[in-house]
**Q** 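Have a look at this one.
Note that the structure is predicted; figures quoted are calculated from it, not measured. Hydrogens, waters and symmetry mates are skipped; everything else that's a heavy atom, side chains included, is used. Atoms within a ligand are numbered from 1 in the order they appear, just like the ligands themselves.
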Amino acid sequence: MKPNTTGATRTVTAVSRDVCVVGAGYVGLTAAACLSHLGHRVHCVESDPDRLATLVAGGIPIHEPGLDELVVAGRAAGRLDFHAEAGPALAGAQIALLCVGTPPQPSGEPDLGFLAAAARQVARAANGDLVVVVKSTVPPGSCEALELICAEEAAPGILIRVASSPEFLRESRAVADFLAPDRVVVGTDHVDVSDLVASLYPPGSAVVRCDRRGAELVKYAANTFLAIKISFANEVAALCEALGTDATTVLAGVGLDSRIGTAFLRPGPGYGGSCLPKDVDGFRSVGDALSAETRLADAAVAQNADARQAVVSKLEVVLSGVRGKRVAVLGLAFKGGTDDTRDSPGRHIARQLVTGGAEVHCYDPLAWPDDTCGTRERTLAEAVVDADAVVVTTLAEELSSIEPGELASKMRGRIVFDAAGALDITSCTAAGLTLYGVGRGAPTEFHAIVWSPLRWAHPVGAPAS
Ligand SMILES: NC(=O)c1ccc[n+]([C@@H]2O[C@H](COP(=O)([O-])OP(=O)(O)OC[C@H]3O[C@@H](n4cnc5c(N)ncnc54)[C@H](O)[C@@H]3O)[C@@H](O)[C@H]2O)c1
């Protein structure tokens, strides 16, 4: 990576531009709405006919706080429109942002087919020189490959330069993140391209300028680090369970060190979603391709698989088997505040329980899973009625504000497995519920080895007094 340290402090004048955005998902639609809010004229291309029809009709196909207001305002101001084809969206635009999916393949490498198709599409439709900015998450070297594809497809005389500017927004706070990013990363070897890309973002954003491979790796490395942090928290939580102490408090004690930070240092059912699992696998694939070890990333993946499985295994123990038991799974999105169920721990847990013979009734305030997760109930109350056990998998607001007494009055059994740490142990106990969690309290039935502090008082091999 060749960071341009002088460039990092360059100031770029904000100019309103015509911008083409390809893909209207979590990243593309957020970018399109926010860029129009910042004064740019944004022309968004979406290939899914249903999603496009929703957008054209004034609807919003995803749940993201604040997004609908920005889309409505952008359209009303004539600064945001939606198209099926790149041609009309590129008219007048010098710059096109590619925001299409890069889903995982069984090999762990991302499928770059959608991105290559999008690059072809804009290159063929370009009627002047164009800067293509890859916002999708890709392995290092992808932008170089996409530039070759664009050169093959573009009309003679048209120069298409491809830059990397990965997106770091978090679902459920995507608009706020886009409008006030921790940093913006711009990867290109051309100063004019770097200035053009940086000028799109909110004025005053911290911009890290580097080459394309470096920018692409920043995204993979950031997500891999977050996954490692979550897995580390779950590793500490397993020790806390064995020791009979509380992981939330221990991890707060760790994370309040300003060198460490509390974010992502919570015990839970493992990480999920459309990004972390895919990007950690992508990071490992890069290591494989370069014959470089990725031991920490490998360990995070193994730990995460255990963290998900542990919830089901512990339920098997406390319910003396799940077969025939009625279990409510609350939380099917990969976290609270989103409707995104891609690779979510809640779905994984619900499916495992269904496979194990449990009667699963599931609920999420925003998400609707496929029908492999049992029966999707319309309300939380319907999901928990007559349940032998309730599992909570996310910190969705509605789940964190469950009233334990009300829950107890609806359930048949007493067991609540709060994998997300959403509920208060004291009030659950007071309501007659038995609360299990990740790294909480001392459920000794999970541990064959009972820890003895005497181990330290009488070290192995010490002479008996
Ligand atoms: N979701 C996140 O939180 C997040 C955050 C940062 C980065 N990313 C990365 O950004 C990329 C996009 O993620 P997403 O979650 O927005 O995906 P998404 O699946 O929600 O959206 C992708 C959209 O692109 C559309 N599309 C695909 N090919 C197209 C084409 N040729 N022309 C027009 N539209 C096309 C799809 O129909 C879909 O609507 C991925 O690489 C992802 O890893 C995602």
**Q** Identify, for atom 24 (O) of ligand 1, the protein heavy atom at the shortest distance, and state residue, atom and that distance.
**A**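 Minimum-distance protein heavy atom for atom 24 (O) of ligand 1 reads Gly23 CA, 3.3 Å.
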
**Q** Considering only the protein, which heavy-atom contact is closest to atom 34 (N) of ligand 1, and what is its distance?
**A**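 In this structure, atom 34 (N) of ligand 1 has Ser47 N, 3.1 Å as its nearest protein heavy atom.
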
**Q** Among protein heavy atoms, which lies nearest atom 43 (O) of ligand 1, and at what distance?
**A**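 The protein heavy atom lying closest is Lys278 NZ, 2.6 Å.
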
**Q** Short list, please: which atoms of ligand 1 are under 4.0 Å from a heavy atom of Tyr26?
**A**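 The list of qualifying atoms is 1 (N), 15 (O), 16 (O), 20 (O).
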
**Q** List ligand 1 atoms under 4.0 Å from Lys219, heavy atoms only on the residue side.
**A**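 Every atom of ligand 1 under 4.0 Å from some heavy atom of Lys219: 6 (C), 7 (C).
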
**Q** Looking only at distances, can you tell me whether any N or O atom of Thr137, backbone or side chain, sits closer than 3.5 Å to an N or O atom of ligand 1?
**A**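 Yes.
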
**Q** Looking only at distance, does Glu171 have an N or O less than 3.5 Å from an N or O of ligand 1?
**A**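 Yes; at least one N/O pair falls below 3.5 Å.
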
**Q** Does Asp279 reach ligand 1 with a nitrogen or oxygen that is under 3.5 Å from one of the ligand's nitrogen or oxygen atoms?
**A**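 In fact, backbone or side chain, Asp279 has no N or O that close.
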
**Q** Is any side-chain heavy atom of Val133 closer than 4.5 Å to one of Ile95?
**A**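 Yes, their side chains come closer than 4.5 Å.
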
**Q** Below the 3.5 angstrom mark, is there an N/O of Val27, backbone or side chain, next to an N/O of ligand 1?
**A**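 Looking only at distances, the answer is yes, because the N/O contact criterion of under 3.5 Å is met.
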
**Q** Among all protein non-hydrogen atoms, which one is nearest to atom 31 (N) of ligand 1, and what is the separation to 0.1 Å?
**A**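 Going atom by atom, the protein heavy atom closest to atom 31 (N) of ligand 1 ends up being Gln121 OE1, 2.9 Å.
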
**Q** How does Arg170 reach ligand 1, by side chain, by backbone, by both or by neither, if only non-hydrogen atoms under 4.0 Å count?
**A**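 It is neither part, as no heavy atom is under 4.0 Å.
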
**Q** Name the atoms and distances for all side-chain donor-acceptor pairs under 3.5 Å in residues 122-129, with sequence neighbours left out.
**A**
| residue | atom | partner | partner atom | Å |
| --- | --- | --- | --- | --- |
| Arg124 | NE | Glu153 | OE1 | 2.8 |
| Arg124 | NH2 | Glu153 | OE1 | 3.4 |
| Asp129 | OD1 | Leu159 | N | 2.8 |

**Q** May I have the list of side-chain donor-acceptor pairs in residues 174-185 shorter than 3.5 Å, sequence neighbours left out?
**A**
| residue | atom | partner | partner atom | Å |
| --- | --- | --- | --- | --- |
| Asp177 | OD1 | Arg170 | NH2 | 2.7 |
| Asp177 | OD2 | Arg170 | N | 2.8 |
| Asp177 | OD2 | Arg170 | NE | 2.8 |

**Q** Using a 4.0 Å cutoff against the non-hydrogen atoms of Arg342, which atoms of ligand 1 qualify?
**A**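 Once the distances to Arg342 are compared, the set is 15 (O), 17 (O), 18 (P), 19 (O), 20 (O).
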
**Q** Using heavy-atom distances only, which candidate in Thr102, Leu276, Val100 approaches atom 11 (C) of ligand 1 most closely?
**A**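 Ranked by closest heavy atom to atom 11 (C) of ligand 1, first place is Val100.
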
**Q** Side chain or backbone, does Glu167 bring an N or O within less than 3.5 Å of an N or O on ligand 1?
**A**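 So ligand 1 has no N or O lying under 3.5 Å from an N or O of Glu167.
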
